[in-house]
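I have placed the structure first, in the form of structure tokens, so that the comments after it can refer back to it.
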Amino acid sequence: MTTMIDPPKAAGFHISQLLYDTRYRSMTIQVIVFLLVMGLGAYLLNNTIINLAAADKDIDFGFLGNRAGYDINQLLIPYSSDSTHWRATIVGLLNTLLVAFLGCILATIIGVVAGVLRLSKNWLTAKIMSFYVESFRNIPVLLWILAFFAVLSEMDRKPRSFRGEDAVNNMWLWDSVAVTNRGTYIPAPIWGDGSALVVITFLLSLLGIWAYGKWSHRRFEATGQILPNFWYKLGIFIVPSLAVFFLLGRPIALSIPEIKGFNFSGGLHIRNSLLALWLALSFYTGSFIAEIVRSGILAISKGQTEAAAALGLRPSRTMNLVILPQALRIIIPPLISQYLNLTKNSSLALAVGYMDLRSTLGGTTLNTTGRELECMLLMMMVYLAVSLTISTFMNVYNNSVKLKER
Amino acid sequence: MSAELQNHLADEVAIQITNMNKWYGDFHVLRDINLTVQRGERIVIAGPSGSGKSTMIRCINRLEEHQKGQIVVDGTELSSDLKNIDKIRREVGMCFQHFNLFPHLTILENCTLAPMWVRKTPKKEAEELAMHFLEKVKIPDQANKYPGMLSGGQQQRVAIARSLCMQPRIMLFDEPTSALDPEMIKEVLDTMVTLADEGMTMLCVTHEMGFARQVADRVIFMDQGQIVEQNEPEEFFNNPKSDRTKLFLSQILGH
Ligand SMILES: Nc1ncnc2c1ncn2[C@@H]1O[C@H](COP(=O)(O)OP(=O)(O)O)[C@@H](O)[C@H]1O
Ligand SMILES: [Mg+2]
């Protein structure tokens, strides 16, 4: 006779256990999903091969070595229409990376500022920030790109209006920056003899700032004294580089844009396509980041702020020592996906004629060679590689700040 | 009264609250609160939920702002002057119902944070101080763990140690045992009794009537934002005067 307290008998294996026994259930599901995915993949691949064969096509990346035969309007590395499709691809990729990089930085700045200000006790500030966030994240980014581009190219600031003694429009920042409807012209460095030394000094002073930070923290721990770190760091940032710069007789000159005839020459020309894309992507993604930052800060319970206040910590210290270290852990994972979104959204560049990877490899190259499948495959691989790289770096950072006890 | 004697008396007063009023919007939470706490006095504050007990003690270290009346802590008047607020917060420690330990810092770091950043104590000294108080609350061996790894009772004892590290002259407790399982309440109360025996000025909002009988010099009963009655524990429990106190006591003591 069995009673309630008898241990369960080692019963035989029933086929239904595969579905109802927690020990096997997840395994069963994984096997089924795996089989389904493999089956679907095999079917699609088979289908593609049969269709390609029927259309007398094959998969061949050889065209990448052929002459591209088209021009690209923004070059970070040398390129001409005689260069290969492969080189055009690289040029496009670099342009994608440029706008993605600039965009991630500006979006983060905008997002953090807007997110923090939206929590402000000042009614007007908070409302303005809410307005910004709601208007940007609720309108498709493509429209924002087109809108920024339209505003930039339609504004009444033709280069020739900068001419003459009493010109209609003026350059900004001590006559060094010209914002025109044909793009923005900014000063460009001219690297003379010895400029490498200045750059090296600058890099060393960055190292110096880091070392100073370590030293001053150790000093704080030993003596309890808090130094005005910001000003000291600013000093290290500026002074050595400037000193070397002047000691070497100013090796780095600036090429300032100047109006010559009907257009500007000298300096660096930033096209409206890049500007519009950069600003639109940054403000759009910034509005999402603002929400992430805001909810990250809100998620840290009020009790934390109160406990810190009761201990006598001032609000700014509370923010730096108690709230931010905890909020960052909540903020970073969704921040990664915003960076990925921005990078992928940059492929809308085509809309304003910015020559990114999508416009070179996925645009002109694809159209002129007719190699749709290869171009698409390659493009997907590149975006995948870029995205994976970004998330790998961010995940490493995320792991370094993760809560340890959970 | 001679000026000298007056000074001496003032010196003995830890907290002086006069005609304090507070509103949340239209809602009048605290009405004409008058309370004088002598140095070394141990006060238990009781009353039904929502009667304003938390709000009152949170006004003492300016976690809440009062709108009328005067609060003087250790001779410093609470006003919007940041210097006064800083000074008072350094004198007054507080423990919360939900401990509010910093989860990203170890127990030791929780205890050294404020001494280092507020009192500018060197790290080594701050750590020695922290270990001293962690030993006092009987958990020195947990110093390098994170708050999430500790039981509720242990966390509350760490919170007490964290406050003590600022070496306050007054301690506020807002229902320190209400979030704890029954078997952990005693360990926290024991810690508080030790503190009381050492002469700490204490204001405790609590429903632990055993604790009140054992250590309180005075029990204060609050209802609807007012101090309804105050008395020595024996008198308070055996001979309550107002009907509201009688009703409350009959509910809380169960029968
Ligand atoms: N931030 C706030 N805003 C509006 N009303 C509040 C706020 N905090 C507390 N109250 C109200 O004030 C009253 C007193 O609250 P509290 O001091 O927490 O009571 P107790 O601690 O005695 O339970 C309650 O009715 C509560 O709803
Ligand atoms: Mg309360």
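Throughout, a chain's letter reflects where its sequence line sits, starting with A, and its residues are numbered from 1. Just so we're clear, the structure is a prediction, and the values are computed from it rather than from any experiment.
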Which region of B:Phe102, side chain (C-beta onward) or backbone (N, CA, C, O), has a non-hydrogen atom less than 4.5 Å from a non-hydrogen atom of chain A, or is it both or neither?
both

Taking atom OH as the centre, does A:Tyr24 end up with more than 12 heavy-atom neighbours from other residues, nucleotides or ligands that are less than 6.0 angstrom away?
yes

side-chain contact (heavy atoms from CB on, under 4.5 Å) assessment of A:Arg317 paired with B:Val118:
CA-CA 9 Å; A:Arg317 287 263 148 73; B:Val118 180; over 6 Å; no

Nearest 0.5 Å, what's the CD-CD distance between A:Glu221 and B:Glu127?
8.0 Å

Heavy-atom distance under 4.5 Å to chain B: side chain of A:Ala310, backbone, both or neither?
both

Does B:Arg89 form a side-chain contact (heavy atoms from CB on, under 4.5 Å) with A:Leu313? I'd like the steps, not just the answer.
CA-CA 9 Å; B:Arg89 282 182 179 165; A:Leu313 286 161; over 6 Å; no

Counting only heavy atoms not in B:Lys138 (residues, nucleotides, ligands), do more than 12 fall under 6.0 Å from its NZ?
no

Evaluate whether atom OH of B:Tyr24 has more than 12 neighbouring non-hydrogen atoms of other residues, nucleotides or ligands under 6.0 angstrom away.
yes

Between B:Pro122 and A:Ala222 the two heavy atoms that sit nearest each other are CB-O, 2.9 Å

Side chain / backbone / both / neither for B:Met166 at chain A, heavy atoms under 4.5 Å:
side chain

Nearest atoms (heavy-atom pairs only) where A:Pro325 meets B:His104
CB-CD2, 3.6 Å

Applying ring-ring contact (aromatic ring centres under 6.0 Å, His included), can you list everything that pairs with A:Phe101, at least two apart in sequence or on another chain?
none

Report which part of B:Arg162 has an atom under 4.5 Å of a heavy atom belonging to chain A: side chain, backbone, both, or neither.
both

Are there over 12 heavy-atom neighbours, none belonging to A:Tyr212, within less than 6.0 Å of that residue's OH?
yes

Using every non-hydrogen atom in the two residues, find where A:Gln304 and B:Leu101 come nearest and quote the distance to one decimal.
NE2-O, 2.8 Å

Options B:Leu82, B:Thr112, B:Thr106, B:Asn61, ranked by heavy-atom pairs under 4.5 Å with chain A, top entry
B:Leu82

Closest heavy-atom pair and its distance - A:Gln326, B:Pro103:
OE1-CG, 3.1 Å

Contacting region of B:Leu172 [heavy-atom separation from chain A under 4.5 Å]:
neither

Heavy atoms only: give me the nearest A:Ile226-B:Lys120 pair and the separation to one decimal.
CD1-NZ, 3.6 Å

Out of curiosity, B:His98 NE2 to A:Glu306 CD, how far, rounded to the nearest 0.5 Å?
11.0 Å

Does A:Trp210 CH2 have over 12 foreign heavy atoms under 6.0 Å away?
no

Quick one: does A:Leu311's side chain get under 4.5 Å of B:Leu113's, heavy atoms only?
no

Would you please go through residues 44-57 of chain B and name the residues with a non-hydrogen atom below 4.5 Å from one of chain A, in numerical order?
none

Atom NZ of A:Lys344: over 12 foreign heavy atoms under 6.0 Å:
yes

Where is the tightest heavy-atom contact between A:Gly303 and B:Asn100, given as atom of each residue plus distance?
O-ND2, 3.1 Å

